[in-house]
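Single-structure report; data block below.
Reminder, nothing fancy here: chain letters follow the sequence lines and each chain counts from 1. Bear in mind that the values here come from a model prediction, so they are computed numbers and not experimental data.
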Amino acid sequence: MLKRTFSQIRDLYRKGEASVAEVVSESFVEIKKVNQRLNVFLTTNEEQAIATALKMDDEWKKNKTVLNQPLWGMPVAYKDMFLTKGLRTTAGSKVLENYIPPYSATVVDRLEEVGMIRMGKLNQDAWAHGASGENSDYGPTKNPINEAYVPGGSSSGSAAAVAAGLVPVATGTDTGGSIRQPASFCGVVGFKPTYGRVSRYGIVAMASSLDSIGHITTCVEDAALVLEATAGEDKHDANTKGAEKYKARLEEFDLKGMKIGVPREYLEPVKNTEVRENVKQVMKMIEEVGAEVVEVSLPHTEEAISVYYIIQPAEVSSNLARYDGIRYGNKREVFGAEAKRRIMMGTYILSAGYYDAYYKTALKVRTLIKQDFDNVFEKVDLLLTPVSPTPAFKLGEKTNDPLEMYLSDVFTVTANIAGIPGISLPSGMSKNGLPLAVQLLADRNNEEKLLGAAYQVEKNLK
Amino acid sequence: MTANKMKPIIGMEVHVELDTESKMFCECSAEHFRVKPNSHICPVCTGLPGALPVPNEEAIERTIMIGLALGCQINRASKFDRKHYFYPDLPKGYQISQYDLPFCYEGKMKLSNGKEIGITRVHLEEDTGKLSHKNGVSLIDYNRSGVPLVEIVSEPDIESAAEAKEYLKLLRNTVRFLGVSDADMEKGSMRLEANISVMMDDNWPEYKVEVKNVNSFRYIELAIEYEIERQKKVLLMGKVPRQETRGWSLNGKKTVVQRVKEEAKDYRYFPEPDIPVIELSQKQVDEIETKIALLPIKVRDDLQDKGVRKQFTDKVIEDRNLAEYVLELVRMGEDKKIKADDLVSLVVNKDVDWRKLKPAEVIDEYQKKNNREYLSAEQTEEFVDRVIEENESAVSDYRKGKGNAIQFLLGQAMKLSQGKVNPELVMKLIREKLV
């Protein structure tokens, strides 16, 4: 596997050991080798990517300073929720099987403007509805670590692509954990920013008040560098008003002296001993480095899944209304079972006579959950939690019971409900060779602290 | 047997298209009248995947201007909501509108007889695309999709077709005076909807009939009159008129059923998550208020107070430039003690072309018409000399800088000459002589 960081790729360029075109072609060779088996990419962009790479090699010959841009010459692949002008975008659904968008997402433009190369579009649970990749209308993605297992979801292709070394970064969307959970299942870094920090324009909307735009990388430094390019106010997204650009200041944060809270509501229910032990090991390591680890409480955690599965389907049902097959796309009959389930649930939740009991009430509890975090972040700098109650599960293991699948979101949905940033970090391996991971959470707009601390944790875990 | 007491209960819902440069939630041009189909569109107003709405601040400002002009309260925290229904001209499957926190609420409109019609609310939303049907095929033009639309809802205080017409005209004129819309019913930039019921014996009606798709004042008046009579007949038969939507049939000269409303539609409203709450400071609202220069109701009332008859004021307030002109004319006429109604009559009856003459010139015309024969310059001067001689204290006041003194002297000259001296000449002479 060719897992490489940006820094390693940049070294190849700087030392003249490889050209951009070579790195890109090599990646496509690897993609073609594994894609049939792993089902990671839905669409590749080989011809255009190589043409772009050749142009960049010319540029590099004339102007060596381009390498001062940290993302210059780096391949990127996009979860198929991200619209890419001229390149098929499906959101993992047959409704958009042949959809060629006339415009690109702001994030796509921003990344390509700083020299990233569009490699292709990644498989996912259709419409981002899922936590395993098994809801894709194009067949599930397999976990590159062990192909009998799911890579997690809904950004299943994104996590798999980075874990298999096909690209150094893949973008994702995280509405209830869809970046952090698959990253944890595949042993890579999954980053979710504060809601509104990164523009959602040009990305298929799942649940408008919960969707967060992030990415999966091989290391924390790369996650920080990508955020530098994507973060900041976008005139096309009213919820980014006032959003600041981000400057990676990883070295400035020291774990020593930080207070890390571990919420009891996130540790006590974990029945899987390996997951529990792993979190405890990380806690111990953090203490050894000089941080203070304290137990905290987020009393409304138990209500979080209910709140999420009321607000999210309601917004989903509304956001999917535009797919009527009139201007673009196929007819609504082609929606998969999970999409239909959520459309029905959401419509019911918003209907007259039920709106107050469900949606309005969920909004109130949402405020309570937000307040839990506000209160806790007055006492601690960051929170440490597991990402998922279990490591990756086998394909087909949870597909019979959608409700059981929903419950695996329990540790990740709260960050979306409260709008706070979070990161999933690989922290070990289970006995049967599956990745384990921990999650760090920070208060809104505290990505600097979050990434800085994550950088230290990552270093110390090596 | 006593006759049943029947009273029409009418409420009006009016939509006004704002004349902004760009659409409500995107930067596309809001121009759509006689524009090539689907040439002013973008991902946002065609509901493409990933598109997001960003509110047009000018449209919000104009909505608040309308609300303030109608005497409304302004919600300092307001929001947009999604209103869901399926129709091919609604690209997102929902319309972004306002549900329970409209920008403006609780206003009123005073008719010329003093009766006040309550304004329930003024809110902002986006328009839909336009369907056209040709050769068995339906075509959709999205140029109009996303154009800002202001909805003005009245309380059911209107009791006759005549009142409805006056209300609508005042509303149209107000909007035009503000310069926020051309409010042209033929172009569709002002759309009318009347909700009509008839109350029998103080029992609040359990139904209402909606009359839509009528695009002239004359026809809405006829339609309302027809509806009232039709409903009265049904009620007198002991039945309740069916709740439905009707339109006006030109040929039949009656209202006809367009759609039967069995039950209220469930729009599944919820707050628009893509747009943050809109917060307005009192300062911002005050600033918007300063942009309101002249309003037709005020012009009407001012002129009426000065004795101008209703049929004239009705005409004057249809055009802001005309209204400004007439106010200036009447003011100048006041100085010369000319009856306002006389001057306005000249303008309204087109005896003079106001666009070609200055107000002062109109006054001259008027005076000529009334054959005002002034005394000659010598005769006038004699009177002026006399007045100056006989009013020492006024003269000394004038010399001290008391401006009113000259008015007093003029008054004296008028008195002595029995009004036959030209006031302008008198003033000129006084000033020259008392230098």
Counting only heavy atoms closer than 4.5 Å, note whether [X] contacts chain B via side chain, backbone, both or neither.
| X | answer |
| --- | --- |
| A/Y354 | neither |
| A/R200 | both |
| A/I203 | backbone |
| A/P101 | neither |
| A/T89 | neither |
| A/Y323 | side chain |
| A/A352 | both |
| A/Y195 | side chain |

So, [X] and [Y], do they make that salt bridge, N to O below 4.0 Å?
| X | Y | answer |
| --- | --- | --- |
| A/R322 | A/D324 | no |
| B/D127 | B/K130 | no |
| B/E27 | A/K235 | yes |
| A/D374 | A/R444 | yes |

Identify which of [options] forms the greatest number of heavy-atom pairs closer than 4.5 Å to chain A.
| options | answer |
| --- | --- |
| B/P273, B/G93, B/P55 | B/P273 |
| B/A51, B/P91, B/C26, B/P271 | B/P91 |
| B/V54, B/L90, B/L48, B/I140 | B/L48 |

Main-chain N/O of [Y] paired to [X] side chain as donor or acceptor, under 3.5 Å:
| X | Y | value |
| --- | --- | --- |
| A/S156 | A/G153 | no |
| A/S199 | A/T106 | no |
| B/Q284 | B/S281 | yes |
| A/Q124 | A/D80 | yes |
| B/Q98 | B/F80 | no |

- Is the A/Y201 to A/Y103 ring centre distance short of 6.0 Å? yes
With only heavy atoms counted, which part of [X] is less than 4.5 Å from chain A, the side chain, the backbone, both or neither?
| X | value |
| --- | --- |
| B/Y142 | side chain |
| B/Y269 | backbone |
| B/F270 | both |

- Task: Against chain B, work out which of A/A238, A/S317, A/S318, A/S208 has the most heavy-atom pairs shorter than 4.5 Å and name it.
- Result: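 Option with the greatest count: A/S318.
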- Under 4.5 Å, counting heavy-atom pairs only, tell me which of A/G353, A/S209, A/G202, A/A207 racks up the most with chain B. A/G202
